[in-house]
Amino acid sequence: MKTKIYDVRDLNKHNLEQSIIYDEAEANAKVNEALNKIDEAAKILVNGGLVAFPTETVYGLGANAMDPEAVAKIYEAKGRPGDNPLIVHIARASNIGELTPTLTPKIIRLIDNFWPGPLTIVLKKKPEVPDITTGGLDTVAIRMPDDPIALELIKKAGCPIAAPSANLSGRPSPTRGEHVVTDLDGKVDAILIGNDCRIGIESTVLDMTGAVPTILRPGIITAENIEAAIGETVVMDPALNQRMDASNGDEDENLIPRAPGMKYAHYAPKAEMTIIEGQIDKVKKEIQRLKGLNEGLGLKVGVILFEEKAFIEAAHEFFAKLRAMDDDGVDLILAGALSEQDGVGFAVMNRMLKSAGYHIAKV
Ligand code: AMP
Ligand code: MG
């Protein structure tokens, strides 16, 4: 399949306004050109095709969520297991009624506070939502992304868009247009290239179908943020606290994650990856020691060590670093655990642990 690659960065006029040479008429023409490309991409979606597009979290791979044949192509292109449901994206909060019969005051408060933005809400699904979109579950995960390109595309398509991350299943999530091209060129109809993703890790997934609001996947919107918005305690899916290390590789049956996707091997770089955890000076020393040792054996070693408390930056950079190291042919990645592991730190550590296949060395 020949993939159309549309650079639509000019949709954001601010990009053009940052240029030293600026011409209003030319800028408007460029914005229109970007709009036309998005139009073409929307037509592809309407006709049952696949289009990858930027969001503020990571790039998504979209199809018409209500068209089972279109959605089947997503699973095929990504090599994604069929029981791993997709997040359905809408461009207007008012479209939520097409997907779910449940709209309580609490859910409306969530929408008012966090949409458009990186919060995915799991709700009871309407029968019209195809089973393949929800991996056979009777619930549907819904989000309104905060990205002008994504919103324009979804509005023009005029239907809810199912979109998991636009990577091959198991690979680090794509946060830059080039990551999507690497993974999906030749496998999808079109790729929209926008700016690098502002956030860099996937949305928080919040299950609102049970007695207690439960975070199934941590993200930049934390339990505390949600509690402040709805005035109610929010809990974490217990499976999120599981830490399998080399000495304890068993999986506890009670700890099977409720977001089906969280149980799969994820975000894995080609290199072996180990997380070093402990007091920061000790971590740095151990990383230097292991680096020297492994380089002595002829291995190429990559180090990931974020500034203390720079959680937002860590979220923004983490997946891109993994991919850059893969491109450099790194054999072993040594990553320092984050100094604080609640809130946003917890969300980034969740991605790090999965990338490393839960290999942790404590110092
Ligand atoms: P991604 O494909 O990377 O966007 O990941 C979507 C995440 O949301 C996966 O972990 C899915 O398992 C989870 N998810 C999607 N729909 C549901 C649902 N109805 N119930 C629980 N988790 C869901
Ligand atoms: Mg994904």
Side-chain angles (χ1 to χ4, degrees), residues 50 52-63 65 71 73-90 96 99-102 107 118-127 129-145 147 150 160-175 179-180 183-184 197 199-210 213-221 236-240 256-269 315 318-319 322-323 347 350-351 353-355:
L50 297 187
F53 59 94
T55 82
E56 81 281 27
T57 57
V58 305
Y59 275 73
L61 175 61
V71 171
K73 292 181 196 165
I74 294 182
Y75 287 91
E76 199 188 318
K78 280 181 59 91
R80 182 178 176 104
D83 69 343
N84 189 3
L86 310 176
I87 293 173
V88 179
H89 293 69
I90 54 179
I96 193 172
L99 303 166
T100 178
T102 328
I107 290 159
L119 179 72
T120 296
I121 310 175
V122 175
L123 296 167
K124 278 263 161 285
K125 86 169 183 77
K126 275 196 167 169
V129 182
D131 284 340
I132 187 167
T133 302
T134 63
L137 299 175
D138 60 358
T139 56
V140 57
I142 312 170
R143 175 169 111 84
M144 177 175 173
D147 179 283
I161 299 297
S165 49
N167 52 326
L168 293 177
S169 219
R171 298 269 300 135
S173 296
T175 57
H179 299 161
V180 183
D183 277 19
L184 297 179
C197 299
I199 293 175
I201 57 171
E202 308 86 341
S203 58
T204 304
V205 176
L206 178 69
D207 184 357
M208 292 298 291
T209 64
T214 305
I215 291 184
L216 306 184
R217 178 173 72 184
I220 227 97
I221 294 178
M236 293 279 172
D237 182 355
L240 293 175
I256 301 221
R258 277 161 54 196
M262 299 296 281
K263 73 175 184 270
Y264 291 107
H266 243 90
Y267 317 131
F318 178 62
F319 287 132
L322 292 186
R323 282 184 178 260
N350 169 269
R351 306 321 191 266
L353 286 162
K354 284 173 158 281
S355 302

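Remember, it's 1-based here, ligands and their atoms both numbered in the order they're listed.
In this pair, F319 and Y267 present their aromatic rings tilted. The plane angle is within the 30 to 60° band.
Between V205, L86, L216, it is L216 that holds the heavy atom closest to atom 21 (C) of ligand 1.
Short contacts between ligand 1 and T139, defined as distances under 4.0 Å to a heavy atom of the residue, involve ligand atoms 18 (C), 19 (N), 20 (N). For ligand 1, the atoms lying closer than 4.0 Å to a non-hydrogen atom of S165 are 1 (P), 2 (O), 3 (O), 4 (O). Of all atoms in ligand 1, numbered sequentially from 1 with element shown, those under 4.0 Å from a heavy atom of L137 are 18 (C), 19 (N), 20 (N).
Look at T134 and you'll find every heavy atom at least 4.0 Å from all atoms of ligand 1. In this structure, K125 does not count as a contact residue of ligand 1, since none of its heavy atoms falls inside 4.0 Å of the ligand.
Residues satisfying the side chain to side chain donor-acceptor pair (under 3.5 Å) criterion with T120, sequence neighbours excluded, are S203. By the salt bridge (Lys or Arg N to Asp or Glu O under 4.0 Å) test, K125 is found to be paired with D131, residues two or more places apart in sequence or in another chain being considered.
Between the Mg ion (ligand 2) and S169 there is no N/O/S contact shorter than 2.8 Å.
Considering backbone and side-chain N/O atoms, R217 comes within less than 3.5 Å of an N/O atom of ligand 1.
Separation of atoms CG (L137) and NZ (K124) is listed at 9.5 Å; rounding is to 0.5 Å.
At distances below 3.5 Å, at least one donor-acceptor pair connects side-chain atoms of D183 with backbone N or O atoms of L168.
At a 4.0 Å heavy-atom cut-off, ligand 1 touches N84 through the side chain alone.
Side-chain polar atoms of E202 and S173 form a donor-acceptor pair below 3.5 angstrom. Using modelled atom types and a 3.5 Å distance limit, the side chains of R171 and N167 yield no donor-acceptor pair.
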